[in-house]
Every structure is written in structure tokens, then in C-alpha cells.
Amino acid sequence: MNMQVINQRLRLGSTEIWEVYNDAEMAHTFHVHGTSFQILSRNGKAPPAYENGWKDTLLIRRAETIRFIAHYGQPAPDDFPYMYHCHMLEHEDNGMMGQFTVS
């Protein structure tokens with residue numbers, strides 16, 4: 001993690017599908033600032049019923065791929081970007097996070 005680096009630049013008002021893959025040996029939580037999202041698939045299959053609805057954090061198990069859709073309607077300039085990151089403190093300390101702008 002480098003606080004001087006913007007990893008993604010999103011257009012204000014855009015709707016995007018993100019795909020996140022966990023290649024680690026353990027499960028991770030994944031949190032996105034500035035929006036809520038809906039899970040589209042977990043390993044290519046529809047998510048279970050309990051995962052329906054709006055989320056801001058999800059659990060990604062080892063070797064899982066999750067696709068989700070989110071609308072980015074709140075601005076985030078270069079000097080105050082949003083972040084996405086693992087919610088386990090020791091993983092945040094190890095750099096499992098990134099920054100994105102919305103403009």
C-alpha cells in the first residue's frame with residue numbers, strides 16, 4: 001500500500017462490475033468505501049439467498065472468485081480517495097488495500 005498511489009480512477013455516476021479473486025491460503029473480508037454493492041456470483045454461480053441484498057463487505061474464501069456490481073455516485077477526489085481493503089487489521093498492516101477516486 002502506497003498512500004501516494006491511486007490504484008483505480010472511476011467515473012462519477014458509473015456502475016461497475018468488479019471481480020475479486022482470493023489466491024491466499026485463508027479467507028479474507030473485502031470492504032469497499034463510498035458505495036454498497038450486490039453480489040452477482042460466487043465461483044460462477046448465483047449467490048445463496050442469504051447473500052441477497054446490499055453489502056459493503058464480503059467474505060472471500062480461499063480460491064474463490066466473487067463478482068459484484070456497484071454504483072459510484074459519490075465523488076472522491078485525488079486528495080481524499082476511497083479505499084478497498086481486507087478488514088483484518090494485520091492484513092491491512094501488510095498492505096492488502098488500495099485507493100480509488102470517483103470524479
Side-chain angles (χ1 to χ4, degrees):
M1 171 63 180
N2 181 339
M3 293 296 289
Q4 307 308 312
V5 172
I6 303 297
N7 303 95
Q8 302 292 325
R9 296 185 182 279
L10 308 181
R11 196 185 59 184
L12 183 63
S14 64
T15 299
E16 295 200 0
I17 295 174
W18 287 17
E19 184 173 283
V20 182
Y21 174 72
N22 180 4
D23 65 356
E25 293 296 317
M26 63 180 294
H28 291 276
T29 54
F30 185 79
H31 175 68
V32 181
H33 289 205
T35 192
S36 296
F37 55 83
Q38 291 182 297
I39 298 171
L40 297 174
S41 66
R42 186 177 285 275
N43 295 322
K45 298 178 182 170
Y50 65 83
E51 288 190 317
N52 290 340
W54 294 98
K55 313 284 183 210
D56 69 359
T57 304
L58 54 84
L59 178 66
I60 308 173
R61 292 172 189 87
R62 180 176 177 241
E64 275 194 322
T65 300
I66 297 189
R67 294 179 73 230
F68 65 85
I69 189 167
H71 180 75
Y72 298 89
Q74 298 295 321
D78 280 18
D79 59 343
F80 197 69
Y82 290 134
M83 300 181 82
Y84 52 88
H85 57 92
C86 180
H87 247 193
M88 295 179 197
L89 187 57
E90 64 272 15
H91 295 170
E92 291 178 351
D93 290 344
N94 289 329
M96 292 183 183
M97 55 177 43
Q99 300 186 107
F100 66 98
T101 59
V102 181
S103 58

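Everything quoted here is computed from the prediction, not taken from an experiment.
When all heavy atoms are compared, the tightest approach of Tyr72 to Glu16 is CE1-CB, 4.0 Å. Shortest non-hydrogen contact noted between Pro81 and Gln99 is CG-OE1, 3.3 Å. Contact between Pro47 and Leu40 at its shortest, heavy atoms only, is CD-O, 3.3 Å. The shortest heavy-atom contact between Ser36 and Ala70 is O-CB, 3.7 Å. Looking at every heavy atom in both residues, His71 comes nearest to Gly13 through CE1-O, 3.0 Å.
Linking ILVMFWY side-chain heavy atoms closer than 4.5 Å, directly or via other members, places Leu12 and Ile17 in two distinct hydrophobic clusters. Residues Val20 and Ile39 share a hydrophobic cluster, clusters being chains of Ile/Leu/Val/Met/Phe/Trp/Tyr side chains in contact below 4.5 Å. Tracing side-chain contacts under 4.5 Å through hydrophobic residues (I, L, V, M, F, W, Y), one never reaches Val102 starting from Phe80; they form parts of separate clusters. Transitive grouping of hydrophobic side chains (ILVMFWY, heavy atoms separated by less than 4.5 Å) keeps Val32 and Tyr21 in distinct clusters.
The aromatic rings of Phe100 and Tyr82 lie tilted to each other, with the angle between the two planes from 30° to 60°. Ring geometry for His31 versus His85: interplanar angle over 60°, hence perpendicular rather than tilted (30 to 60°).
In this structure, Trp18 has its ring center no closer than 6.0 Å to that of Phe37. With ring centers used as reference points, Trp54 lies 6.0 Å or more from Phe68.
Note that NE2 of His28 and CG of Asp23 are 8.0 Å apart. Values are rounded to the nearest 0.5 Å.
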Quiz prompt | Step-by-step salt bridge (Lys or Arg N to Asp or Glu O under 4.0 Å) determination, Arg9 to Asp78 | solution = CA-CA 9 Å; Arg9 296 185 182 279; Asp78 280 18; 2.7 Å; yes

Quiz item: What's the verdict on side-chain contact (heavy atoms from CB on, under 4.5 Å) for Leu58 and Ile66, showing C-alpha distance, side-chain angles and the deciding distance?
Solution: CA-CA 9 Å; Leu58 54 84; Ile66 297 189; 3.7 Å; yes

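In this structure, Asp79 has no salt bridge (charged side-chain N to carboxylate O under 4.0 Å, His left out) partners at least two apart in sequence or on a different chain. With sequence neighbours left out, the salt bridge (charged side-chain N to carboxylate O under 4.0 Å, His left out) criterion links Glu51 to Arg42.
Between Arg62 and Glu25 the shortest side-chain heavy-atom distance falls below 4.5 Å.
Enclosure of atom CD in Gln74 is not indicated, since only 12 or fewer non-hydrogen atoms of other residues, nucleotides or ligands lie within 6.0 angstrom.
With Thr29 contributing its side chain and Leu59 its backbone, the two residues share no donor-acceptor pair below 3.5 Å. A distance-only check finds a donor-acceptor pair linking the side chain of Asn22 to the backbone of Ile60 [under 3.5 Å].
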